[in-house]
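FYI, side chains are in, hydrogens and waters are out, and symmetry mates aren't considered; it's all heavy atoms of this structure. Here is how names work: the chains are called A, B, and so on, in the same order as the sequence lines, proteins then strands, and each is numbered from 1.
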Amino acid sequence: MLLAVRFVTFPSALKQPTALFVALFPAVLWLRFSWLRERTVPEPRQGLLLVAVIAALAANAVGVPFVNNVLRPDEWLPLSGAVSRIVGYAFTVGVIHEFIRYLVVRFTVWPSQYRTRLDAVAYGAAAAVGYATVLNLHFVLSADPTPEVAALRVFDELVRQVAGGIIVGYGLAEVRFNTRPFPFLLAATIAFATLITGIAIPVASGLANVTLSVNSPVTAANPLRGFLFSALLIVGVAAMLVFLYNTAIRQDQEAAAGEV
Amino acid sequence: MRTALYLAVGVVLAVIVSSAVEGQGQTIDLERIRRATVFIMQARSVSSDLIVTCVGSGTIVSRDGLVLTSAHATFPSRLCDGETLIVAFSVRADEPPIPKYRAEIVQADIGLDLALLRITRQFDGRLVEPGSLALPFVELADSNTVQLDQTITVVGYPGIGHDPVDIRRGTVGGFVAEPRGGDRAWIKTLAEIPGTMSGGGAYNQDGQLIGVPTTAPIISSLQGAACIPVQDTNGDGLVNASDVCIPVGGFINSIRPSNFARPLLRAATLGISVELPLALGTSFASIPERQPAFRRLFFAPSVNEAGMPTSVIRSLPAGATSLYLFFDYENMTPETVYELRVTVDGIPNRTFSLAPVRWSGGERGLWYIGSVNQPWPNGVYDFTLFANGVTSGTARLLVGGAAEPAPTFSDIVFGLQDSRGTPLGNGFVLPTGDIANARFIYRNMQPGLPWTVIWYYEGIEVRRDEQVWTDGLSGAKTVGLAGEGGLFPGAYRLELYIENRLAATSDFTIAGAQEGVFPRVFTNVRFASAPTTAETGRTASASAFPTGVRAIYGLFDWQQIRTGTLWTLRLSVDSNPFYERTAPWSGQESGADFSVRLVGEMGIPDGTYRMELLVNNVPLQLAQAQVGIGQLPIDRFASASGLQLRGQILDAETNRGIPGVSVILLTAEYSVSDFEWREDQLFALAVTDRNGRFQIDRPLELLVPYSVIVATAGYLPVTADGFRIGPETPNPLDLTIYLTRG
Amino acid sequence: MASRDLLGAAARPESLTFRQRWSHYIAVLYCLVATLIGLNLRDAALTATISYTNSQAGIRAQYPANWLIDESGNYVFRVRDLSRPGFKTTIQVATRPVSPLTSTRNVLDALNLSRAQTLAAYEVLSEEFYALPDDVAATAMTYTFVDTQDNPFLQSIPVVVQGLDILTIRGGQALVITFLADASAFDRLRPVFDQFLDNLEF
């Protein structure tokens, strides 16, 4: 899709409808390849769509207004230094997003629908898709970007939300399946997820930002660098969590074998 | 086949090389000149309306809003009777100008047809705070460096407001000499310049202003296309000849050199006003409305340092490069428009003609129009002078052939004779006394040739000697004039005839008491400081004044100056003139403590001030005084050279301009990390408009490492250190910067 | 304690262990504390100040960080928020000489007369008593005008600006503290000026 919007020239009247479609595309993909497929398995996960919808509603009702009107990071964070921006985004945008998604998952499907650890990934991703869709729709409707820029931004946002979703999902899975979980682990995963957000936002936009030069009269932003960073981020987070999940699953199996 | 290929390659290479060479020669910054060229409308209030009475072009010559233009379209006069001046700018190069400001005249020389305006109000009438403007401006060149055949660019508005700025290119076709201005009173051009571009600017290849193209409309010929009605000023529902019309002149071929504007610009920049006592020789006496006239036209090959003809000729030999047309004038005023049309063998010749321009001489006297260092092609030349559109004198001259060995008189000088018969003195201003002597050179004279000496006093013949030549073939001879009871102060003239043909003539002035062989016209010339003008006589002179003194006086005594004698007051600071007035004396013949008051709005700037007094262009006395440290402060905004930086800031996500973005340039001493948000660290600051466009209002210097910060809320700032422009950087430099949201 | 979730509400409630419950409590607590930290960071950034002292004028103040300070004009000092789009929010402190007979009304009239000459659509909205910190009596004058760009080659939309002057006469001089902001954001930005006034010493 990114290639399509990058190399196709859209008439100006179609730009916003195209950008809107781009914002909704991840949700459509998730519905098609995750939720619909879930319907075909013998024991499908219940409440995936519910989690996504409630996460979306919570984002629209609480998340976006609280960040934009109360925290207002746009007013003080872009002009701050690098460390201040990381800390700032972590403790504002990051914590609100993660907190809301955690609450949604906790009070909709946890613990009853957590049958395996991988359920945490599924429900975390569902919440992330719903949440990210609302954020992306807000962006498209308020900023009126070109479809190409919308596609890159949608991807960046989705990556951040999914990364956070599966990190917090790991914490929820630990608390669910470990009868003696470390009490601070869940909070730590939330903190880690907020840190990922705090790092991802300034680094992605900073990589996309321009440098000024007399010899280059047109200093165009390079959003592709932000896109590449987001791609690396999701790969890195996924790899790390695959390791952690596999380790946890193996430990569960060993514990179950030991009991037997 | 191979030959054709070589030929094709050769042609391509030639085109590339020639275009590269052409590109290297093109250094004029037309963009900045275009922006600095304004359209000026003079208007009059009628009820709640503004009626446009005159229009013209102008050029911004200082950052804070001084505009140089022609006086005839801005200074209130019979032809242009408005009291409001509106300045319009071309916001876009291809669009007509848009009114933006109002201006007032701060300096003007009606005779030179130059005026300096200062932008003082917004178009809606609000005051403009002093120092708040940062307008594009041009620098004045030294117009004495302009060469014949040099390429010049003329910029101005060709219409009466509906056209964008126009650019015309041409060459310097010659120079016109006049008593006021010497050999370069006018720069002539062969470029086709419409009269409505009057008041604009002519530029050299470096983009510096070399002069103001100007032509003055003639009242008597204001009909049809020469005067255009554009408003229904009489409220009859029609726009026709019954309404007020805007006069437009004919073609322009004359450019008033920029060196004439320097004193005006300097005076305006210094903020000094000069006050003279009203009753004492400060302006032209009011004269009844009589038709201006020119008489006694004759030709001379050259002029001396007093502006007098060296000799009188009837023809010019082939290859001559210098010629002056002399004539007497009377009933002239600074509003009189005069014109010279020259034909060669019956064909109009624009090179030697002078398009209608304002009169810069006195009310009556002797004047000349000439040219030097310019070849005169052979032919029969007819010279016709016009005053206010009316023919007022003609003369004919033959150019060509060998120089005639005819008897000639030349090089008349005046003075008091010594024992060897040599006139001593300054040559053209003599003290009052019993006798005046004149010495002249004679050549090719024959014994027995009849010759005549005629002396005039104030235009009336007082003595005539008809004689027969008895001296040798060539040499020097002295003649004298004596008066019973002495020679009175005033204007004198000597004419020498050979066989009833005018052979030489010259004017001189008698004024002042005698001090040796020199006239003592002005004495006790000094500077002083006093609380009021009335107390200046009791104040001791001073050669130094403290910084910030608000007013100082130039004082002098005078002896025996007859009413009507032309005298000149010239004031300069650090050897640069900022005031010069030549006017007929209209006070008492003798007196003391003539005071000239110099007032500075914000105090008189530091500098070394000089007051010079002249009679008939002969310097007689001067005084000098120092204010403060004795040197003018350096104006860091005086230079227009450098690179103009501008551009557009866009949102990287929407590609739309971002309004209100601050573009900050730091001085070379500070980097971005050193920036502490202090204004004294800034070199320049600009804010984008609604389209995201910005302009840095100060030119950037070559090879200076600036630091740049582009910042606004909601976006990541863009910063750069070492932002350095080089010789190859395009000027203006247009940047497009995309900001990323934070 | 039984756990509760939407989909598990109808199912048999499961008991959470002590650690499981406290994991959630700590997570919630962390999020609330982190939010408070975020609010504090916001406040600290938005209300960060820099000290200013002018011993000649006898003024000490704390002005907002990252605002451009300028002492070169006809005022003691002026600070502007250059990062603000549109009209750059301004705080200015100026002094004017007065005589023993000069009243605040005289000073305000002089201000109004000179501003009316240079500011478009200048209009005074109100003049009322104002109490500065330490119960210093002052007069507050509110006014509006339209701000236009000075550059004739740019196309800027004029902005309506609201201004507030706090004027007090003390020690033989009139102290005029001015706050200018985009009229649409004046009330929202007013706390910045209030904080400035609270820290102003003269």
message = Any non-hydrogen side-chain atom of A:Leu185 less than 4.5 Å from a side-chain atom of C:Arg19?
response = no
Worked check of side-chain contact (heavy atoms from CB on, under 4.5 Å) between A:Val87 and C:Ile37 = CA-CA 10 Å; A:Val87 171; C:Ile37 292 173; over 6 Å; no
task = Look only at the side chain of C:Arg42 and the backbone of A:Thr92, and say whether a donor-acceptor pair between them is shorter than 3.5 Å.
result = no
query = Nearest 0.5 Å, what's the CH2-CG distance between A:Trp76 and C:Asp43?
reply = 9.0 Å
note = When the 4.5 angstrom heavy-atom criterion is applied to A:Leu77 and chain C, the contacting part is neither
key: Rounded distance [0.5 Å steps], CZ in A:Phe91 versus CG in C:Leu41   = 7.0 Å
key: Distance-minimising heavy-atom pair for A:Ile190 and C:Ala27   = CD1-CB, 3.8 Å
query = What is the minimum heavy-atom distance between A:Arg176 and C:Gln20, and which atoms define it?
reply = O-NE2, 3.5 Å
key: Side chain, backbone, both or neither of A:Phe66 within contact of chain C (heavy atoms, under 4.5 Å)   = side chain
message = side-chain contact (heavy atoms from CB on, under 4.5 Å) for C:Tyr30 and A:Leu186? Distances and angles first, verdict last.
response = CA-CA 10 Å; C:Tyr30 165 78; A:Leu186 180 58; over 6 Å; no
message = For the interface with chain C, which of A:Pro73, A:Ala90, A:Ala187 has the highest count of heavy-atom pairs at distances below 4.5 Å?
response = A:Ala187
note = Interatomic distance, CH2@C:Trp22 vs CZ@A:Phe184, rounded to 0.5 Å, equals 9.0 Å
ask   = Which answer fits A:Ser84, side chain, backbone, both or neither, if we ask what part of it has an atom under 4.5 Å from a heavy atom of chain C?
value = neither
query = C:Leu32 and A:Phe99: side-chain contact (heavy atoms from CB on, under 4.5 Å), yes or no, with the steps?
reply = CA-CA 9 Å; C:Leu32 292 174; A:Phe99 188 29; 4.0 Å; yes
request  = Please lay out, stage by stage, how C:Arg84 and A:Glu75 fare under the test salt bridge (Lys or Arg N to Asp or Glu O under 4.0 Å).
outcome  = CA-CA 9 Å; C:Arg84 175 147 192 87; A:Glu75 289 185 16; 5.9 Å; no
Smallest separation among heavy atoms of A:Val95 and C:Cys31, with atom names = CG2-O, 3.9 Å
